[in-house]
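Some notes on the structure that comes next.
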Amino acid sequence: MSLSESETQARLLAQALPYMQRYENKTIVVKYGGHAMGNAELGKAFASDIALLKQSGVNPIVVHGGGPQIGAMLSKMGIESKFEGGLRVTDQKTVEIVEMVLAGSINKEIVALINQTGEWAIGLCGKDGNMVFAEKAKKTVVDPDSNIERILDLGFVGEVVEVDRTLIDLLAKSEMIPVIAPVAPGRDGHTYNINADTFAGAIAGALNATRLLFLTDVPGVLDKNGQLIKELSVAEARALIKDGTISGGMIPKVETCIDAIKAGVQGVVILNGKTAHSVLLEIFTEHGAGTLIVP
Ligand SMILES: Nc1ncnc2c1ncn2[C@@H]1O[C@H](COP(=O)(O)OP(=O)(O)O)[C@@H](O)[C@H]1O
Ligand SMILES: CC(=O)N[C@@H](CCC(=O)OP(=O)(O)O)C(=O)O
């Protein structure tokens, strides 16, 4: 017999009680990826986890993606999605749609879900309160045939160059939960589309967050036999990238984890956003739920 959502929540709460003081007054940045936004039930479970963090005295900050949702909107408008080095090639028309989908519909959907729990969420992007400034990304790739490095021109894809935490700190003091879309202005007046993982890493670094959680579509970093690795040091993570155990989209994610740790985040966790209540299972249980990457 399966449990109802309220029975599940009551059980989780009972399990969580002994661990609730662990992160009191600490900042936890949660990156909620587009693939993890699976369905309405998962969305509600995510919102109730964020609300419970807040009610337990944690300072949760949500940074969200929405890659699949941007792709769907572009396709509706007859525009093909094109990626290079894992990043969306973003021309003027595309950046307008990216901003509309990320800072518009997805951002407000997450805000509404959290507000329905009784907590107060506020939706922002890097533009609000001069929070984040970006500049054109300078990404390079090595051509596998010629071994020559070339600079990618990704259009209006940005990388974060400045984070001002004033607004985020004000919101935390006012008991509000910031929900942030990875869109930011450049000093050149353009709007930039930023990969949500790197954006979350930059925010967590600027806030010296205690934890940065990445909700993705696998249980964490898996070893060669497909088994979950519970804890990885930065050196071990680098070795797994080098020997090919970590590949594809997991490479930039783990690299972002390493950068965030170098920037002062105490621990970064990669965990399954497709499992309901994975945030609570990670934060408020003895052994956590995903892969913890530590210095
Ligand atoms: N060692 C590994 N452990 C787990 N996932 C891996 C590993 N190597 C590659 N991957 C791939 O990385 C994917 C997650 O990266 P990505 O698709 O970019 O996530 P997201 O869309 O959530 O940001 C997994 O679905 C998996 O296919
Ligand atoms: C530059 C770049 O690629 N930006 C991403 C931003 C959204 C994102 O990163 O969303 P997920 O976390 O769901 O993948 C994009 O346009 O898809």
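Numbering of residues begins at 1 and proceeds along the displayed sequence. First listed ligand is number 1; within each ligand, the first listed atom is number 1.
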Give the atoms of ligand 2, by number and element, whose distance to some non-hydrogen atom of [X] is under 4.0 Å.
| X | answer |
| --- | --- |
| Ile194 | 4 (N), 6 (C) |
| Val157 | 1 (C) |
| Ile70 | 15 (C), 16 (O), 17 (O) |

Joint cluster assignment, Leu113 & Val62, ILVMFWY side-chain distance < 4.5 Å: no
Atom 27 (O) of ligand 1: any protein heavy atom closer than 4.0 Å: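 When distances to the protein are checked, atom 27 (O) of ligand 1 has no heavy atom within 4.0 Å.
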query: For atom 20 (P) of ligand 1, is the nearest protein heavy atom closer than 4.0 Å?
result: yes
Go through ligand 1 atom by atom and flag the ones less than 4.0 Å from a non-hydrogen atom of [X].
| X | result |
| --- | --- |
| Thr245 | 1 (N), 2 (C), 8 (N) |
| Thr216 | 14 (C), 19 (O), 20 (P), 22 (O) |
| Val221 | 3 (N) |
| Gly220 | 3 (N), 4 (C) |

Any N/O pair [X]/ligand 2 closer than 3.5 Å:
| X | answer |
| --- | --- |
| Lys31 | yes |
| Gly66 | yes |
| Gly65 | no |
| His35 | no |
| Asn193 | yes |

field: N or O pair under 3.5 Å between Leu222 and ligand 1
entry: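 Leu222 vs ligand 1: N/O contact under 3.5 Å present.
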Any idea which protein heavy atom is nearest [atom], and the distance to it?
| atom | value |
| --- | --- |
| atom 10 (N) of ligand 1 | Met250 CB, 3.6 Å |
| atom 9 (O) of ligand 2 | Ala196 N, 2.9 Å |
| atom 23 (O) of ligand 1 | Lys253 NZ, 2.7 Å |
| atom 8 (N) of ligand 1 | Ser247 N, 3.1 Å |
| atom 13 (C) of ligand 1 | Asp217 OD1, 4.2 Å |
| atom 15 (C) of ligand 2 | Arg88 NE, 3.4 Å |

statement: With heavy atoms and a 4.0 Å threshold, my read on which part of Val218 contacts ligand 1 is side chain
task: Under 4.0 Å, heavy atoms only, figure out whether ligand 1 is touched by the backbone of His35, its side chain, both or neither.
output: side chain
query: Does Gly34 have a heavy atom less than 4.0 Å from any atom of ligand 1?
result: no
task: Would you check whether Gly33 reaches within less than 4.0 Å of ligand 1, judged by its heavy atoms?
output: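 False for this residue.
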Shortest heavy-atom approach to atom 16 (P) of ligand 1 - which of Gly86, Gly249, Pro252: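 Comparing heavy atoms across Gly86, Gly249, Pro252, the nearest one to atom 16 (P) of ligand 1 lies in Gly249.
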task: Tell me which one of Pro182, Gly34, Ala181 gets a heavy atom nearest to atom 13 (O) of ligand 2.
output: Gly34
- prompt: Do side-chain atoms of Asn208 reach the backbone of Val265 as a donor and acceptor pair under 3.5 angstrom?
  reply: no
- prompt: Does Val98 offer a backbone N or O that forms a donor-acceptor pair with the side chain of Arg88 under 3.5 Å?
  reply: no
statement: Rounded to the nearest 0.5 Å, the CG atom of Asn59 sits from the CG atom of Leu53 at a distance of 10.0 Å
task: Could you check if a side-chain atom of Val269 sits within less than 4.5 angstrom of a side-chain atom of Phe214, using non-hydrogen atoms only?
output: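 They are not in contact (no side-chain heavy atoms under 4.5 Å apart), so the answer is no.
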Side-chain heavy-atom pair Ile168, Ile61 within 4.5 angstrom cut-off: yes
Ion pair check, [X] and [Y], cut-off under 4.0 Å:
| X | Y | answer |
| --- | --- | --- |
| Arg150 | Glu84 | yes |
| Asp217 | Lys274 | no |
| Arg187 | Glu162 | yes |

query: Is atom NZ of Lys136 surrounded by more than 12 heavy atoms (other residues, nucleotides or ligands) closer than 6.0 Å?
result: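 For Lys136, atom NZ is crowded (more than 12 foreign heavy atoms under 6.0 Å).
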task: Would you please say whether a donor-acceptor pair under 3.5 Å links the side chains of Asn193 and Thr90?
output: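 Yes, side-chain donor-acceptor contact under 3.5 Å.
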message: Under a 3.5 Å cutoff, is there a donor and acceptor pairing between the side chains of Ser278 and Asn272?
response: no
message: Test salt bridge (charged side-chain N to carboxylate O under 4.0 Å, His left out) on Glu99 and Lys127; report intermediate values, then the result.
response: CA-CA 11 Å; Glu99 185 170 25; Lys127 289 182 175 179; 2.8 Å; yes
query: Are Arg211 and Tyr23 in a cation-pi setup, meaning NZ or CZ lies under 6.0 angstrom from the ring centre and within 45 degrees of the ring axis?
result: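 Ring-cation test returns no.
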query: Do the ring planes of Phe46 and Tyr32 sit parallel (below 30°), tilted (30 to 60°) or perpendicular (above 60°)?
result: parallel
